[in-house]
There are 2 protein chains.
Amino acid sequence: MTQQVEGKRVAILATHGFEESELAVPKAKLQQQGIVVHVVSPEAKGIRAWAESDWGDTYGVDVALKDASEHDYHALVLPGGLFNPDALRLDEAALAFVRAFFQAGKPVAAICHAPWILINADVVSGRKLTSYPSVAQDLRNAGAEWVDQQVVVDNGLVTSRKPDDLDIFCHKLVEEIGEGRHAKHA
Amino acid sequence: MTQQVEGKRVAILATHGFEESELAVPKAKLQQQGIVVHVVSPEAKGIRAWAESDWGDTYGVDVALKDASEHDYHALVLPGGLFNPDALRLDEAALAFVRAFFQAGKPVAAICHAPWILINADVVSGRKLTSYPSVAQDLRNAGAEWVDQQVVVDNGLVTSRKPDDLDIFCHKLVEEIGEGRHAKHA
């Protein structure tokens, strides 16, 4: 049953080297729906974007990861980039934050290389998802069913492959936020 | 039985975004031993280094990947970086080139994030190795035994974690080249 999304709260977890459009576009699209969006990061002073082929602007962080709680949000967004998930998958606090959304049955949206974080959070086994193609073998080896589609929605987990997929990724994310909690994933 | 290494030939396979020291240091150390070193790449016009935290110099390519054959070399080196293995693991010609060294029982040395390429080449199952820590779970899920050591040598496969390990990585690589072919790996 679809609920109103206005006033709901979404965390975007990222660190240096996130792919700029994969944070900025979901943030803008969610805010257009009246959703409150917080950028959460272990780097509380700001995080530097990766803009396609080089470093981009520095983005503000709303909540330091050490002060963030899954209880304060209705859903989680994980942007890609290479440096960003490569660092977050080794950050135990980041993995615990991600895992809490799965345990609570709240929507999680991951795009591009972000599903590497889901591998280390140990939440992909038995799930159907997509990602940037280079991550496919790692996801299959972690027990996921990987498919090459613009977007995959599996029981609250929304995944896409790359910036070109952002429109449908954001559309499905808003739908999932409207549906609220799903059966517990983890 | 250790053989002379002088005059032997080694290929370094890399593309844009290779970690500069992980190509430049092995190249120099091997050349100091009288070994002939060729940089092989799908990007025949030159490849841009990643120098710790930003793009670095462009390096020349000696042999285009499409013209390269495992038969012409005694060993293979795979530098890390993030963009470099992320691209090569999706390049079927690169995977075939890598696989040929394993099938021939020739030494292969991979450092940092380069073992991602070995996952897609399907040559890590049952092997003992190391890598940059973020790649550890992907290697374990691919069937490898991952250990946190400066260097691991397993039947001709030499692996290290990061640029700090380059001295011992190169030392063990030269030893393996001196030993020549091993039991076939693949």
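What you see below is based on every heavy atom in this structure, not just the backbone, and it leaves out hydrogens, waters and symmetry mates. To find a chain, count down the sequence lines: A is the first, B the second, and so on, and within it residues start at 1.
Neither the backbone nor the side chain of B/S125 comes within contact range of chain A, judged by heavy atoms closer than 4.5 Å. Contact of B/Y132 with chain A is made through the side chain alone, with heavy-atom distances under 4.5 Å.
Qualifying ring pair (Phe, Tyr, Trp, His ring centres under 6.0 Å) partners for B/F169, counting only residues two or more places apart in sequence or in other chains: none.
Residues B/D86 and A/S134 come closest through the heavy atom pair OD1-OG, 2.6 Å. In plain terms, the two heavy atoms of B/N141 and A/A142 that are nearest each other are ND2-CB, 3.6 Å.
Under the 4.5 Å side-chain heavy-atom criterion for grouping Ile, Leu, Val, Met, Phe, Trp and Tyr, A/L95 is connected to A/W116 within one hydrophobic cluster. Taken together through direct or relayed side-chain contacts under 4.5 Å among Ile, Leu, Val, Met, Phe, Trp and Tyr, B/V158 and B/V40 form parts of separate hydrophobic clusters. Linking ILVMFWY side-chain heavy atoms closer than 4.5 Å, directly or via other members, places A/V153 and A/V147 in two distinct hydrophobic clusters. Both B/L65 and B/F102 are members of a single hydrophobic cluster when ILVMFWY side chains are connected at heavy-atom separations under 4.5 Å.
Classification of the B/W55-A/W50 ring pair by plane angle, with boundaries at 30° and 60°, yields tilted.
No side-chain heavy atom of B/L82 sits under 4.5 Å from any side-chain heavy atom of A/H113.
Taking NE2 from A/H16 and OG from B/S53, the interatomic distance works out to 11.5 Å, rounded to the nearest 0.5 Å.
Counting non-hydrogen atoms of other residues, nucleotides and ligands closer than 6.0 Å to OH of A/Y59 gives a total above 12.
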